Amino acid sequence: MTNKQIIEILYQIAELLEIKGENKFKIRAYLKLAQFLSSFNKELKDIYSERGKAGLREIPNIGEGIAKKIAELIETGKLTYLDELKKGLPKGVEVFLNIPGIGPKTAYKIADKFNINTISELEKLLKEHKLKDLKGFGEKTEEKILKGIQLFKNGQERKLLGFVYPIAKKVIDELKQKHKGIEITAAGSLRRMKETVGDIDILVSSFDKKIIDSFCSLDIVSTVNAKGDTKASVYTIHNVQIDLRLVDEKSFGAALQYFTGCKEHNVILREIASKKGYKLNEYGLFKGGTKIAGENEKEIYEKLGLQFIPPELREASDEIELAMKNKIPKLVEDKDIKADLHIHSSYSDGSDKILDIVSELKRRGYKYAAITDHSKSLKVAKGLTVNDLLKQIKEIDEINEKEKDFYLLKGIEVDILEDGSLDYPDEILKKLDFVIGSVHTNFKMSKKEMTDRIIKALENKYLHAIGHISGRLINFREPYEIDYERIFNAAIYYNKAIEINANPERLDLTDIYIKEALKKGVKLFIGTDAHNLSQLDYMFYGIGCARRGFAKKEDILNTYYLEKFLKWIKK
DNA sequence: GCCGTTTTCGGCCCGACTGTTTTCAGTCG
């Protein structure tokens, strides 16, 4: 039973309790814990197996009641309480809950009154206009549910940050061009740089209705869902929903804070506000009837007695507690990055020649970089034979002879074979400056076997780092199970680094394990894993991920100046 | 159901929008 599964069950319980009309604070207790666990970096089952229920009780938001339930889940894989809640509920309820616009009450009413379980049955009812016979249902509701079903069919999955971000940027740039001198910025999970995003929220510091018109008539808009005086919502040709909101300049900071979330983070801020005798909402921070902050975000945190919390950290984990103690670190920034240490060239499955890569890297202001193509066993990616590699080494040496302000490291992304050995012999590896070991094959191993395999690779004295450690592809391939703690300990013992792979499909290490690695003092580096020049942009997502994991500049090796980096390598 | 520089009991965030409502319930963020 993984945390992920437990989180799903907690959400399920909350929904079922809502259907039953339970106390809303009880419901919130489950939601609060679910949100907290989503950025909690230890598996509950490990805590439980080491320290039992007492261990669970030390986790925020877990009290006696929930500890008992989690213990049962871990031990038996089942929960009698959940079964009890489900008893007598029509199956359709859980299905209909997935439809936007349908909440617990509506889902129950429909499933119960019509005794149906599937979306297609529901569609049929809607088309026959049978729903409006129910009390509280009218024509508009029918339309709304039909629209919701369409949305559900179009894309139920949250979309990759790397897919959605460029769309948001394009929209914002175009609006800015048409409406100069106005602040326009993205909020929501996009601003928090969460790895997946549900929809795009854009905030505008003006009440000019023309902006809404421009927004709704953008080329990429396919349908306009809603269009009012201060708010509009559209669907793009890529099936992404974008919500635009106009707010008063004087409330812009408060609105930005509010719309950035996460929701639970905001709830905690408001609790703090009310304890201080204030009131916080999207218009500002108020003392009695007077606004004491609202124009910018910093002010709001300040007046609440908190250090400013960067958006990437606002996930209701422990960031507010840290901000109270002034312990939010200065996070790594774009401008700190001096190198990209994971790049593929046309020698393997990349599309660009090394010379072209170098000139692009220089254009981007990098001081050094590593070419890290695939190794010989990875045939699908045109892994380099020893001869290819020697040829590449020679080419890089020649480039370095000519370059003055830029240095190219001879690297490799060498396969970690099934037994943990590396895909080239040591006498080849030792010719290289930077060796990343990655797992690309034989994913189906037990947790212990995979952990042993990676640790064996870490023992090799010519290896410098581990690449995309969990092997996951977001929304596509689950990570293989590994014992992070053992791997981190080994990385420290052998003085090796671990990659934050910046490819938006990977973002691996994930934010929560970055935090854990840094607590132990593991060194990290951000690599784009670029296979063409435009993918060098991925650095941006890697930095976002690092920031979400509380990474400081000094935690990230590729913020080092070349000399310092080379010194680290030698060690 | 959780939690405590107000409390072991009595609190627990705030508002917008929508639809079908004569005063509010449901959903969303």
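In what follows, every chain begins at residue 1, and chains take the letters A, B, ... in the order their sequences are listed. Bear in mind that the values here come from a model prediction, so they are computed numbers and not experimental data.
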Should the pair A:H265 and A:Y301 be assigned to parallel (<30°), tilted (30 to 60°) or perpendicular (>60°) ring geometry?
tilted
A:K140 near the nucleic acid: base, sugar-phosphate alone, or nothing, with a heavy-atom cut-off under 4.0 Å?
sugar-phosphate
Taking B:dT22 as the reference, what is the distance to B:dG26 when you measure between their P atoms (whole Å, please)?
15 Å
Can you pull out every ring pair (Phe, Tyr, Trp, His ring centres under 6.0 Å) where at least one residue sits in residues 8-64 of chain A? Sequence neighbours excluded, please.
A:F36-A:F40
For B:dC28, the Watson-Crick or wobble counterpart (both distances under 3.5 Å)
B:dG15
Does the pair A:Q257 and A:N266 meet the rule for a side-chain hydrogen bond (donor to acceptor under 3.5 Å, both in side chains), with working shown?
CA-CA 8 Å; A:Q257 196 288 315; A:N266 290 350; 3.0 Å; yes
Report yes or no: does A:T230 contribute a side-chain atom to a donor-acceptor pair with the main-chain N or O of A:L246 at less than 3.5 Å?
no
Verdict with supporting geometry, A:Q5 and A:T2, side-chain hydrogen bond (donor to acceptor under 3.5 Å, both in side chains)
CA-CA 5 Å; A:Q5 289 168 309; A:T2 63; 3.3 Å; yes
Taking only the C1' atom of each, what is the distance from B:dT20 to B:dT27 in whole angstrom?
15 Å
Say you pick atom C1' in B:dG1 and the same atom in B:dT5; how far apart are they, in whole Å?
24 Å
P-based separation of B:dC9 from B:dC14 [nearest Å]:
26 Å
Is the ring centre of A:Y165 less than 6.0 Å from the ring centre of A:F540?
yes
Result for 5'-nearest mapping on DNA chain B, choosing between A:I99 and A:T230, is A:T230
Please check if any side-chain donor atom of A:D537 sits under 3.5 Å from a side-chain acceptor atom of A:Q535, or the reverse.
no
With sequence neighbours excluded, tell me which residues meet salt bridge (charged side-chain N to carboxylate O under 4.0 Å, His left out) with A:K20.
none
Tell me what A:L33 touches on the nucleic acid: a base, only sugar-phosphate, or nothing, going by heavy atoms under 4.0 Å.
nothing
B:dA16 to B:dG10 separation - C1' atoms, rounded to the nearest Å:
30 Å
Positions of residues 59-69 of chain A (non-hydrogen atom under 4.0 Å from DNA chain B), listed by number:
A:P60, A:N61, A:I62, A:G63, A:E64, A:G65, A:I66, A:K69
Take atom P in B:dC3 and the same atom in B:dG15, then report the distance between them in whole Å.
26 Å
Would A:R477 and A:E505 pass as an ion pair if we require N to O under 4.0 Å?
no
Which part of the nucleic acid does A:N23 contact within heavy-atom distance under 4.0 Å: base, sugar-phosphate only, or nothing?
base
Residues within residues 271-289 of chain A bordering DNA chain B, heavy-atom distance below 4.0 Å
A:E271, A:K275, A:K279, A:L280, A:N281, A:E282, A:Y283
Indicate yes or no for a side-chain donor-acceptor contact from A:N296 to the backbone of A:E299 under 3.5 Å, with no hydrogens or angles considered.
yes
Please identify the 5'-most and 3'-most nucleotides of DNA chain B with any atom under 4.0 angstrom from a heavy atom of chain A.
B:dG1 to B:dG29
Take atom C1' in B:dC12 and the same atom in B:dT6, then report the distance between them in whole Å.
14 Å
Please state the C1' separation for the pair B:dC2 and B:dT21 - nearest whole angstrom.
36 Å
Distance-only criterion, 3.5 Å: show the donor-acceptor pairs between side-chain atoms of residues 99-109 of chain A and protein atoms not counting sequence neighbours.
from, atom 1, to, atom 2, distance (Å)
A:K105, NZ, A:E18, O, 3.4
A:K109, NZ, A:K135, O, 3.3

Exam field: side chain A:Q307 to backbone A:I328, donor-acceptor pair closer than 3.5 Å
yes
Tell me which of A:Y258 and A:Y81 sits closer to the 5' end of DNA chain B, going by the nucleotide each one is nearest to.
A:Y81
